[in-house]
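Worksheet: the structure to be examined is printed underneath.
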There are 2 protein chains.
Amino acid sequence: MAAPREAGPSPRVRLNRERVIAAAVRLADAGGLEGLTMRRLGEDLNVEAMSIYNHVANKDDLIDAMADAIFGEIALPSHSDEWKPAIRKRSISFREVLARHSWATTVRDSGTNPGPATLRHHDRVIGTFRNGGFSVEKTAHAFSAVDSYIYGFAMQEKSLPFTTPEETAAMAAVMLAQLPTSEYPYLAELLADHVLKPGYFYGDEFLVGLDLMLDGLETLRDTD
Amino acid sequence: MAAPREAGPSPRVRLNRERVIAAAVRLADAGGLEGLTMRRLGEDLNVEAMSIYNHVANKDDLIDAMADAIFGEIALPSHSDEWKPAIRKRSISFREVLARHSWATTVRDSGTNPGPATLRHHDRVIGTFRNGGFSVEKTAHAFSAVDSYIYGFAMQEKSLPFTTPEETAAMAAVMLAQLPTSEYPYLAELLADHVLKPGYFYGDEFLVGLDLMLDGLETLRDTD
DNA sequence: CATTATAAACATACGCCGTAAGTTTTCTCC
DNA sequence: GGAGAAAACTTACGGCGTATGTTTATAATG
């Protein structure tokens with residue numbers, strides 16, 4: 001009878017959009033986009049599924065918001081820095097974020113409904129190229145090339161059936177054993193002489209391709 | 001009473017795996033992977049949904065088969081050709097195929113269950129690099145870099161909310177009008193001075209990045 | 001403090017999904 | 001033409017997104 005606050009049996013915790021989005025990201029991180037259902041999300045939030053719709057228009061709206069949220073995690077390049085290290089740093093950060101939230105590579109229309117964090121990020125990247133001496137047209141080339149590479153790399157990394165070096169070795173050994181090596185000799189060679197070598201880790205390939213691309217962009221900027 | 005063949009009211013057409021896969025690809029082309037349901041597929045094939053399971057283990061098996069089918073559409077490089085034009089040609093073909101079947105970029109585990117067409121394709125690509133003078137390790141770099149770029153480009157292209165130049169111009173104009181340009185000045189500039197220029201077509205960016213990557217690979221091959 | 005309006009929770013229900021299990025039809029081969 | 005197998009159909013279940021309607025808790029007003 002003292003405090004009316006704690007009278008009820010279950011003091012219904014109040015939801016809000018941020019809590020919904022954060023929980024959804026957590027769920028998707030753990031089980032992919034297909035593991036994210038409104039009912040399971042409600043469970044996570046101690047709420048019925050339909051209550052979520054007070055804070056989110058529908059599931060697509062939720063996913064758009066999730067995509068924007070993770071764009072906010074990418075380290076922004078600074079306009080004043082040298083373009084190459086600046087872009088390199090944000091590209092590495094971008095890849096880390098995509099690896100952490102691997103469901104994000106499959107979000108259908110990241111281009112259709114960009115949120116504020118996404119727009120801000122894009123603006124900074126474009127600005128970094130522009131201030132680095134790229135023409136508007138070459139900035140478009142550079143933006144497209146680098147981001148295509150990052151997205152694609154993240155996708156390939158995600159679709160690999162292994163993550164750690166140990167898993168990789170084990171899996172590659174199995175694959176190689178099952179492979180008709182006479183039919184696919186080059187593939188077999190690559191598996192045997194490269195993937196199965198100790199210390200192999202696919203993630204290491206990222207910087208190789210990224211630096212190839214960045215060096216190419218430098219040449220592009222200075223020619224024509 | 002003449003021909004017993006045409007006696008029945010509906011002469012139940014026989015299904016087979018190829019017909020199922022081809023119809024599934026058609027359905028996914030039209031409505032994306034989420035538009036592909038067993039019931040709709042059955043409808044397309046004049047069959048009940050469950051009948052499909054006589055030719056396919058489950059939906060994942062079907063999708064794996066679809067992925068392998070479209071790998072078969074990619075122009076194979078020839079081992080005897082010069083590596084650069086050979087890889088360039090197959091990369092362009094690859095992108096065309098991914099654009100034609102844009103659902104394919106989101107197939108989760110293309111790496112987990114590769115079919116024969118996929119293996120064959122990979123073997124040829126790897127062989128082309130090897131015969132072009134790339135070491136095993138550099139072949140792995142090259143393969144990863146080029147395919148990451150292609151996948152990523154296809155994904156970005158797919159996620160654009162427009163396809164034709166007219167649509168692009170219209171959409172970009174709307175976006176620019178809605179954009180708080182003072183907050184995103186570089187993005188606004190890119191839209192106004194590049195995307196809205198007549199003749200702009202995002203697909204044209206593909207070759208720019210591809211050739212950057214291929215030139216970079218040539219350098220990579222000849223150094224270290 | 002009592003009253004009321006509003007926001008946000010809950011509850012129910014519908015049509016669609018993948019597919020397990022069981023049944024019936026059709027084809028193939030002797 | 002009859003047996004066995006292959007492939008079709010039928011029914012049903014649990015889970016999905018979410019429309020719709022109801023109840024409860026919070027905030028605003030007198």
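Numbers restart at 1 for each chain; the letters A, B, ... are given by sequence-line order, proteins then strands.
In this structure, the CG atom of A:Asp61 is 10 Å from the P atom of D:dT18, given to the nearest Å. Computed from coordinates, the A:Met38 CE to D:dC16 C1' distance equals 11 Å when rounded to whole Å. The CG atom of A:Leu41 sits 14 Å away from the C1' atom of D:dC16 (whole-angstrom rounding). Between the CD atom of A:Glu48 and the P atom of D:dC16 there is a distance of 13 Å, rounded to whole Å. Atom-to-atom, CG of B:Asp60 to C1' of C:dT19 comes out at 12 Å; the value is rounded to the nearest Å. Atom CD1 in B:Ile52 sits roughly 12 Å away from atom P in C:dC17 (whole-Å rounding). One atom, CG of B:Asn16, and another, P of C:dC27, lie 15 Å apart when rounded to the nearest Å. Taking atom CZ of B:Arg14 as the reference point, atom C1' of D:dA6 lies 6 Å away to the nearest angstrom.
Among the nucleotides D:dT18, C:dT19, D:dA7, the one closest to the side chain of A:Tyr53 is D:dT18. Each of C:dA9, D:dA19, C:dG18 was ranked by its minimum atom distance to the side chain of A:Leu15; first place goes to C:dA9. For B:Val47, counting side-chain heavy atoms from C-beta on, the closest listed nucleotide (C:dC17, D:dC9, C:dA11) is D:dC9. Which of C:dT19, C:dC27, C:dA13 sits closest to the side chain of A:Arg39 comes down to C:dA13.
A:Leu62 comes within 4.0 angstrom of nothing in the nucleic acid, heavy atoms only. Here B:Leu36 lies in heavy-atom contact (under 4.0 Å) with sugar-phosphate atoms only.
Salt bridge status for B:Asp44 with B:Arg19: absent, with no side-chain N to carboxylate O gap under 4.0 Å. In summary, A:Lys59 and A:Asp64 do not engage in a salt bridge, as defined by a charged side-chain N under 4.0 Å from a carboxylate O.
Of the side-chain N and O atoms in B:Ser51, none sit less than 4.0 angstrom from OP1 or OP2 of D:dA7. Between A:His55 and C:dA7, a side-chain N or O to OP1/OP2 separation shorter than 4.0 Å is absent.
With a 6.0 Å cutoff to the six-membered ring centre and a 45° limit on the axis angle, A:Arg130 does not count as a cation-pi contact of B:Tyr186.
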Please list every donor-acceptor pair under 3.5 Å in which a side-chain atom of residues 172-185 of chain A meets a protein atom from a residue at least two apart or in another chain.
none

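For a distance-only test at 3.5 Å, the side chain of A:Asn54 qualifies as a donor-acceptor partner of the base of C:dA9.
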Set out, in order, the CA-CA distance, both residues' side-chain angles and the distance that settles salt bridge (charged side-chain N to carboxylate O under 4.0 Å, His left out) for B:Arg95 and B:Glu157, then state yes or no. CA-CA 10 Å; B:Arg95 180 207 153 213; B:Glu157 199 170 20; 2.6 Å; yes
